[in-house]
Amino acid sequence: MIPAKGYAAPSPTTPLGPFKFERREIGPHDVQIEILYCGVCHSDIHQARDEWGGSIFPMVPGHEIVGKITKVGDQVTRFKVGETAGVGCFVDSCRTCPSCKAGLEQYCDFFPVVTYNGKDKEGNPTYGGYSNQIVVDENYTLHVSDKLPLSGVAPLLCAGITTYSPIMEWKIGKGHKVGVVGLGGLGHMAVKLAVSKGAEVTVLSTSPSKKADAEQLGAHHFIVSKDAEQMQAAAGSLDFIINTIAAKHDYNEYLQLLKLDGTMVLVGVPNEPLPVSAFGLIMKRRRLAGSLIGGIKETQEMLDYCAENGIVSDVEVINIDYINEAYERMIKGDVRYRFVIDMTSL
Ligand code: NAP
Ligand code: ZN
Ligand code: ZN
């Protein structure tokens, strides 16, 4: 086994702290990665605090991982020692179900082996990217260009792909009016990506102080979602909404912003189910949909697209010992727009 160190949540109510553990010895198809940066996703907080239920402790969160390959198994063909690589939200899947065969491993019939807070095929707990190294099968490892600052690339592995995937699935581009609800880690990537595809983007935020940032990110309009007048003025105006809100809120207020046949995609995951009025949907044949991260093929496509188009996340780089404060700030919506841990601080 390979000795590793990281930061772990010992229980849902205990702050994260230093933790020693082991990674598996590299197998023939594995690569070993020295982690340089790991983004802090709101899903890390949901899971570290067991807000979705079923969390496994101690938990080393982190699924926005970028680092350098330090070792490769003897049958690895796609990576070499010294290359930059990324790991996202899952590290394995059944590989045989229709979703896996279609490159949609995130929708695996047996659920993928998630990067942390999961169990691998041997039944061992998985530990994520708030750590110094990770061992991953090369087929679940991504190529990362060195053209862009790696701290800004790390969040693409979750926030980037989670917003890119619905934009591609719904073929969003020129001529579409797109709403992005919640300007946090996912939201700011949704703005950048939708703008890059040529869409007209409106940010809907509870934070009036984020207006200037929204414009700087490329958004064309900004609505304070708590302002009923502004919301009413925008009724029936949008083709597509990406809803990234991480907490309990009223879906119906956003559904009424959609035009005929408009779609709102939920990517944010509030802890509890929320009521949806049938009227809001039937009146304009509106659709409410969901989307989960993206498959390996699409994640690679997104990383290549971002490298070509100079798209990275706006980040606040932190040391690992700031992680508990970072969580508190994220819960308050006080992050511009992704915390990324510099793993050399471990
Ligand atoms: P984040 O950085 O904390 O951003 C969430 C944003 O939502 C906040 O910045 C805030 O924006 C807004 N918000 C927060 N609380 C709110 C409330 N009570 N009412 C209205 N708006 C509120 O979080 P994130 O990392 O982007 O993640 C967002 C959600 O997506 C989380 O639930 C996460 O678990 C989920 N997620 C899902 C997937 C997927 O595959 N579907 C992947 C990754 C993450 P404003 O200040 O602009 O209002
Ligand atoms: Zn995430
Ligand atoms: Zn599968």
Side-chain angles (χ1 to χ4, degrees), residues 38-49 51-52 61-65 88-90 92-117 121 128-129 154-166 180-191 203-211 213-214 217 219 222-226 242-251 253-254 265-271 274 289-295 299 313-316 326-339:
C38 184
V40 180
C41 178
H42 208 113
S43 304
D44 299 350
I45 306 178
H46 290 307
Q47 294 177 88
R49 298 189 176 181
E51 293 172 354
W52 295 338
H63 57 207
E64 294 183 337
I65 300 167
C89 299
F90 56 91
D92 205 348
S93 64
C94 89
R95 307 183 188 210
T96 55
C97 77
S99 296
C100 283
K101 286 211 159 132
L104 297 166
E105 301 90 348
Q106 75 274 34
Y107 302 118
C108 175
D109 286 354
F110 304 96
F111 197 63
V113 176
V114 285
T115 306
Y116 69 86
N117 193 26
K121 285 177 178 167
L156 302 180
L157 275 305
C158 175
I161 184 59
T162 300
T163 48
Y164 180 86
S165 188
V180 173
V181 181
L183 197 61
L186 267 58
H188 92 293
M189 288 314 306
V191 172
V203 168
L204 297 117
S205 172
T206 58
S207 312
S209 62
K210 293 181 182 173
K211 184 170 193 273
D213 291 349
L217 291 164
F222 185 87
I223 290 175
V224 178
S225 50
K226 288 184 287 197
I242 301 180
N243 182 338
T244 77
I245 298 179
K248 190 176 173 183
H249 66 288
D250 186 359
Y251 291 145
E253 284 180 12
Y254 298 100
V265 176
L266 303 180
V267 289
V269 193
N271 307 337
L274 302 168
S291 187
L292 176 68
I293 45 176
T299 304
S313 175
D314 291 8
V315 300
E316 181 175 336
Y327 277 14
E328 292 309 319
R329 282 183 51 196
M330 259 181 109
I331 289 163
K332 286 188 260 168
D334 174 23
V335 49
R336 284 172 167 72
Y337 278 87
R338 196 57 135 189
F339 291 114

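Quick caveat, the model's predicted, so the values are computed rather than measured. Whatever order the structure lists ligands and atoms in, that order sets their numbers, starting from 1.
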Next item on the list: Assign the ring pair Y251 / H249 to parallel, tilted or perpendicular, where the plane angle (0 to 90°) is split at 30° and 60°.
Entry: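 It falls in the perpendicular class, over 60°.
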
[X] side-chain N/O to [Y] backbone N/O, donor-acceptor pair under 3.5 Å:
X	Y	answer
K121	S93	yes
S205	G182	no
T115	F90	yes
T244	V181	yes
S207	S209	no
Q47	P61	no

Of all the non-hydrogen atoms in the protein, which one sits nearest to [atom], and at what distance?
atom	value
atom 4 (O) of ligand 1	G184 CA, 3.4 Å
atom 15 (N) of ligand 1	A247 CB, 3.9 Å
atom 46 (O) of ligand 1	S207 OG, 2.5 Å
atom 25 (O) of ligand 1	R338 NH1, 2.6 Å
atom 29 (C) of ligand 1	T244 O, 3.3 Å
atom 13 (N) of ligand 1	I245 CG2, 4.1 Å
atom 3 (O) of ligand 1	H42 ND1, 2.7 Å
atom 35 (C) of ligand 1	V267 O, 3.5 Å

Check: Any non-hydrogen atom of W52 lying under 4.0 Å from ligand 1?
Finding: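 So W52 counts as touching ligand 1.
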
Under 3.5 Å between some N or O of ligand 1 and some N or O of [X]?
X	value
H249	no
H46	yes
G185	yes
I293	yes
C41	no
C158	no

Checklist line | Residue from M330, M189, E316 passing side-chain contact (heavy atoms from CB on, under 4.5 Å) with R338 | finding: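 For R338, the side-chain contact (heavy atoms from CB on, under 4.5 Å) test succeeds with only one of M330, M189, E316, which is M330.
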
Note to self: Can you tell me which residue among E105, Q106, H63 is in a side-chain contact (heavy atoms from CB on, under 4.5 Å) with I293?
What the structure shows: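 Only one option passes, and that is Q106.
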
Is the closest side-chain heavy-atom distance between [X] and [Y] below 4.5 Å?
X	Y	result
W52	S43	yes
I331	R49	yes
R336	D314	no

As an exercise, identify every atom of ligand 1 less than 4.0 angstrom from a heavy atom of [X].
X	answer
L186	24 (P), 25 (O), 26 (O), 27 (O), 30 (O), 36 (N), 43 (C), 44 (C)
G268	29 (C), 30 (O), 32 (O), 35 (C)
K210	9 (O), 11 (O), 45 (P), 46 (O), 47 (O)
S205	45 (P), 46 (O), 47 (O), 48 (O)
A246	29 (C), 31 (C), 32 (O)
G182	7 (O), 11 (O), 12 (C), 47 (O)

Next item on the list: Quick one: pull up CG in L266 and OH in Y254 and give me the separation to the nearest 0.5 Å.
Entry: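 Rounded to the nearest 0.5 Å, the CG-OH separation comes out at 12.0 Å.
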
Which atom names give the shortest non-hydrogen contact between [X] and [Y], and what distance separates them?
X	Y	result
S313	L156	N-CD2, 4.5 Å
G187	V180	O-CG1, 3.5 Å
T299	G294	OG1-O, 3.6 Å
V203	A219	CG2-CB, 3.7 Å
N271	E51	OD1-OE1, 3.5 Å
V40	Y327	CG1-CE1, 3.6 Å

Item checked: L186/H188 under side-chain contact (heavy atoms from CB on, under 4.5 Å): CA gap, chis, key distance, verdict -> CA-CA 6 Å; L186 267 58; H188 92 293; over 6 Å; no

Check: Distance below 2.8 Å from the Zn ion (ligand 3): how many protein N/O/S atoms qualify?
Finding: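 That number is 4, waters not included.
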
Next item on the list: Please test Y116 against D44 for side-chain hydrogen bond (donor to acceptor under 3.5 Å, both in side chains), starting from the C-alpha separation and ending with a verdict.
Entry: CA-CA 9 Å; Y116 69 86; D44 299 350; 2.6 Å; yes

Report the part of [X] in contact with ligand 1, treating N, CA, C, O as backbone and CB onward as side chain, heavy atoms under 4.0 Å; options are side chain, backbone, both, neither.
X	value
T162	side chain
Q106	neither
S291	backbone

Next item on the list: Starting from the C-alpha separation in whole Å, work towards a yes-or-no answer on side-chain contact (heavy atoms from CB on, under 4.5 Å) for F110 and C100.
Entry: CA-CA 10 Å; F110 304 96; C100 283; over 6 Å; no

Notebook entry, point to check: Protein heavy-atom contact under 4.0 Å for atom 38 (C) of ligand 1?
Noted result: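 It does: a protein heavy atom is found less than 4.0 Å away from atom 38 (C) of ligand 1.
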
Next item on the list: Measure distances from the Zn ion (ligand 2) and count the protein N, O or S atoms below 2.8 Å.
Entry: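 Protein N, O or S neighbours of the Zn ion (ligand 2) under 2.8 Å, waters not counted, come to 3.
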
